[in-house]
Amino acid sequence: MTSDTSAVTILVPGRLHDHAAKRVDGAFRMVRLQRADAGLVTGAMAESVRGIAAMTTIDAAFIDALPNLEIIANFGVGYDAVDARHAGKRGVMVTNTPDVLTEEVADTALGLLLNTVRELPKAEAWLREGRWVRDGAYPLTGTTLRGRRAGIFGMGRIGLAIARRLEAFGLPVAYHNRSRVEAVAYDYHPTLLGLAGAVDTLISVAPGGAATDKAVGKEVLEALGPNGVFVNIGRGSTVDEAALATALANGTIRAAGLDVFANEPHVPEALLDAPNTSLLPHVGSASKHTREAMADLVVDNLLAWFGEGRPLTPVPETAGVAAKQR
Ligand code: NAP
């Protein structure tokens, strides 16, 4: 194995965090491409590219257009935009950026929950619009965190950090995963429907992808019930947004707080127009501090792979992929 990586070509398709791009450029031979489109890959790129640093969709065709590709370093813990299964079949490593964003995203989740339940953005707008002077106090909120029972869909790294915060707020916590987490004492529900029926505050932090596609739909929202609050800090694809908009409009649930959407940056009109939603533009991890830590982990994965032949944070689908002997 060699630790001089300056001759290794890393492709950056589309936008990349500046700090990551600077470090890639300093340590490797960086090549940029307008977007991750197999049709744009030149012969020289196909020949030379051994790694990708990306915060965009990487599909099977793009992976196949790069025969010497060894690793895809994804910016973000969620890697549903990367065809990791196909990468694994092709012997290509995929890495993500877990842990370094966990606490930030959990902070945002609690902020979003409070915004939704206590209407803090609307109360601030009331003050700024001069209505406190003109009309008096902001109306009392119909919803509160007091007495709520919280359920977490996706009790992983971020789910656990959210659960700890909810405990500090005095709320009982239950969860649904495909498998029980032995290390925690929270109530486990083997089905999402069962969890939704047992709580009135459902927080989704499950990954995107086929297995969770539109998992939160009409049935789950009905089970959550008329006092129900739904918060999504995971992926927009896990929610049937049309069913959510209907549930909010007809009182099936009370309110929703959303940081993520199915077709970002586009937000369905029905969710924008609903009076009982609090909406954020996917800012879960979006502080300079945390995004820089994520950028470092992207590049550190590339350096570890090409320097030492091992990634720092491989995704499960490619955990068995071995580095080529050099
Ligand atoms: P993680 O540690 O892998 O946790 C994911 C949890 O989801 C696991 O406990 C897993 O348990 C559960 N899960 C996965 N597939 C499931 C399924 N089909 N049904 C039920 N449960 C399932 O990941 P993390 O670091 O906590 O991140 C979670 C997600 O948060 C990311 O994938 C990303 O999409 C999202 N995220 C959003 C933002 C934002 O800015 N809004 C920022 C960072 C991350 P089982 O395997 O036992 O099912």
Side-chain angles (χ1 to χ4, degrees), residues 17 55 57 74-82 84-85 94-113 115-116 151-166 173-184 186-196 202-217 220 230-239 256-262 264-265 267 278-295 297-298 312-319:
H17 186 283
M55 41 194 271
T57 300
N74 180 64
F75 186 99
V77 67
Y79 56 95
D80 43 305
V82 177
R85 212 174 293 271
V94 178
T95 61
N96 63 345
T97 62
D99 302 318
V100 294
L101 46 61
T102 294
E103 304 300 330
E104 194 83 71
V105 179
D107 291 347
T108 311
L110 267 290
L112 183 54
L113 175 61
N115 282 355
T116 308
I152 295 181
F153 172 29
M155 183 65 86
R157 288 168 293 239
I158 302 170
L160 191 56
I162 293 172
R164 290 202 187 99
R165 283 160 174 75
L166 290 168
V173 176
Y175 71 100
H176 164 65
N177 272 359
R178 287 166 302 187
S179 44
R180 186 190 292 270
V181 182
E182 297 300 341
V184 301
Y186 305 122
D187 282 349
Y188 173 66
H189 291 266
T191 67
L192 178 57
L193 195 59
L195 175 67
L202 181 64
I203 301 177
S204 178
V205 64
T212 57
D213 191 55
K214 294 192 170 66
V216 177
V220 166
F230 173 63
V231 167
N232 192 7
I233 191 89
R235 279 289 182 267
S237 61
T238 61
V239 180
L258 309 170
D259 182 49
V260 287
F261 302 89
E264 295 173 5
V267 177
S278 184
L279 309 175
L280 294 175
H282 200 148
V283 294
S285 67
S287 71
K288 287 184 179 172
H289 167 92
T290 294
R291 288 287 170 86
E292 187 161 316
M294 292 162 66
L297 189 48
V298 168
L312 299 178
T313 49
V315 306
E317 290 87 339
T318 64

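On a predicted model such as this, the values are computed, not experimentally measured, just so you know. Ligands are counted one by one from 1 in listed order, and the atoms in each one are counted from 1 as well.
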**Message:** Taking non-hydrogen atoms within less than 4.0 Å of ligand 1, which protein residues qualify?
**Reply:**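 Only Val77, Gly78, Leu101, Val105, Phe153, Gly154, Met155, Gly156, Arg157, Ile158, His176, Asn177, Arg178, Ser179, Val205, Pro207, Ala211, Thr212, Ile233, Gly234, Arg235, Asp259, Val260, His282, Gly284, Ser285 have heavy atoms that fall under 4.0 Å of ligand 1, ordered by chain and number.
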**Request:** Find out whether Ile152 and Leu166 are in side-chain contact, i.e. whether some heavy atom of one side chain is under 4.5 Å from a heavy atom of the other.
**Result:**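 Ile152 vs Leu166: side chains touch.
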Do [X] side-chain atoms and [Y] backbone N/O form a donor-acceptor pair below 3.5 Å?
| X | Y | result |
| --- | --- | --- |
| Thr97 | Met294 | no |
| Glu104 | Leu101 | no |
| Asp259 | Val283 | yes |

**Prompt:** Is a side-chain donor-acceptor pair under 3.5 Å present for Arg235 with Thr212?
**Reply:**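 Side-chain D/A pair, Thr212 to Arg235: absent.
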**Message:** Counting the benzene-type ring for Trp, do Tyr175 and Tyr188 have ring centres under 6.0 Å apart?
**Reply:**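 They qualify: ring centres under 6.0 Å apart.
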